[in-house]
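Below you'll find the structure, written out as structure tokens, and then a few comments.
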Amino acid sequence: MQFVLFFSDKQVREQLFAHVDGTRGLLLVTGVRHGPAMRSPEAREPFATLEFLHGRVLTQVLVADEGTADGMWRDPLGDLGDRLYPESRDDAYAVTSGYLLLEDGRPRKVVRKHGLPASDLWFLEDALSQLTSRVPAPDPARKPGTKRPERAPRSPRRPASTGASEASGPPPDDEGWRRRAGGEGSRVPGGSRRVRPEQAAASESSRPWDDASGQDTRETHAADSEATPPRGTRAPLRMPARKDAWAVLGLARDMSLDEARKAFRALIAGYHPDKVAHLAPEFQELAERRTREILEAWVEVEGELKSGT
């Protein structure tokens, strides 16, 4: 069974505590991010697989943070951590950032989040298997971070043999072999190769030297192949679309300057450092980014209202 609670709900803290106190058996509590373009939390992983495989054993309570101003100052998971671990600040913080497993309302284990749903699923099933025999232990060979043995490298192929007669050289009276080995030319008894005049002319015309400077152009070609490509050959990066300042502040374009200023002050007051000081560091950082976004948008909106555009 799955339940989804939202930060924007004024009763989210009381609802969370009621689930913790009233659920018999195993209970999973964790926080998730949520937005309009995201799937519902219960349909995401690893929660969907946990419900499908162990729904009869495990109850899930997912606390979704929409990132809105209404729920910004609420911290139900932090309150739950302080209630369960009043003497350990580290354990209380772990509740807000990991997967909390409870049994009959008592905390049993906190599983750290690893970032990948498949990794989180393995560690959750491993923790559940230690709490109940109704959940089988996952395969140790599939444990995230376990390096599987690599296959032995294949030996390189040996080059094909050229034959004993070629290695030992031709018999002195085999003129046919000399013609085949030397191409159109032939070999002389001293081992040098006799080249016809037309072959010498072709070889002279195909030299890699530059006629004017006498420099070997092979070095130039090698340098060109390793040179850095000129600017502009790579695809330009796409810049994120700029948000509309009026939409960021939630203001209508027909508002007066005094009405807009009043709404702006009410909005930014919700992100004051004093109101988010009790939240986890990641939420404080989110509030700081949101404050900068609101201030930048207000500068633009205020300029438009003063200029009458």
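Because the structure is predicted, anything quoted here is derived from the model rather than measured.
- A salt bridge between Arg289 and Glu293 is absent, with no side-chain N of the basic residue lying under 4.0 Å from a carboxylate O of the acidic one.
- Using a cut-off of 4.0 Å between Lys/Arg side-chain N and Asp/Glu carboxylate O, Asp244 and Arg253 are scored as salt-bridged.
- To the nearest 0.5 Å, atom CG of residue Asp91 and atom CG of residue Asp82 are 11.5 Å apart.
- Taking all atoms of both residues into account, the shortest heavy-atom contact from Lys143 to Phe123 is CE-CE2, 4.0 Å.
- Applying the side chain to side chain donor-acceptor pair (under 3.5 Å) criterion to Glu282, with sequence neighbours excluded, gives Tyr93.
- Taking 4.0 Å as the cut-off between side-chain N and carboxylate O, Glu259 and Lys262 do not count as a salt-bridged pair.
- The neighbour count for Met1 CE, taken as heavy atoms of other residues, nucleotides or ligands under 6.0 Å away, does not exceed 12.
- Checking side-chain atoms of Gln60 against main-chain N and O of Leu27 turns up no donor-acceptor pair under 3.5 Å.
- The structure places OG1 of Thr132 at 10.0 Å from CG of Leu58, a figure rounded to the nearest 0.5 Å.
- Looking only at distances, a side-chain donor or acceptor of Ser307 sits under 3.5 Å from a matching main-chain atom of Glu304.
- Under a 3.5 Å cut-off, the side chain of Trp298 and the backbone N or O of Ala245 do not form any donor-acceptor pair.
- Only one option out of Asp9, Val12, Thr96, Leu5 pairs with Pro76 in a side chain to side chain contact (heavy atoms under 4.5 Å, CB included); it is Val12.
- Hydrophobic clustering of Ile, Leu, Val, Met, Phe, Trp and Tyr side chains at less than 4.5 Å, counting indirect connections, keeps Tyr271 apart from Val248.
- Between the side chain of Asp65 and the backbone N or O of Arg33, no donor-acceptor pair lies under 3.5 Å.
- Thr30 contributes a side-chain N or O that, together with a main-chain N or O of Gly98, makes up a donor-acceptor pair within less than 3.5 Å.
- Side-chain contacts under 4.5 Å among hydrophobic residues (ILVMFWY), followed directly or transitively, place Phe52 together with Leu53.
- Salt-bridge check for Glu288 with Arg292: passed, with a basic side-chain N closer than 4.0 Å to an acidic carboxylate O.
- Interatomic distance, NZ of Lys113 versus OG of Ser119, reported as 14.0 Å (0.5 Å rounding).
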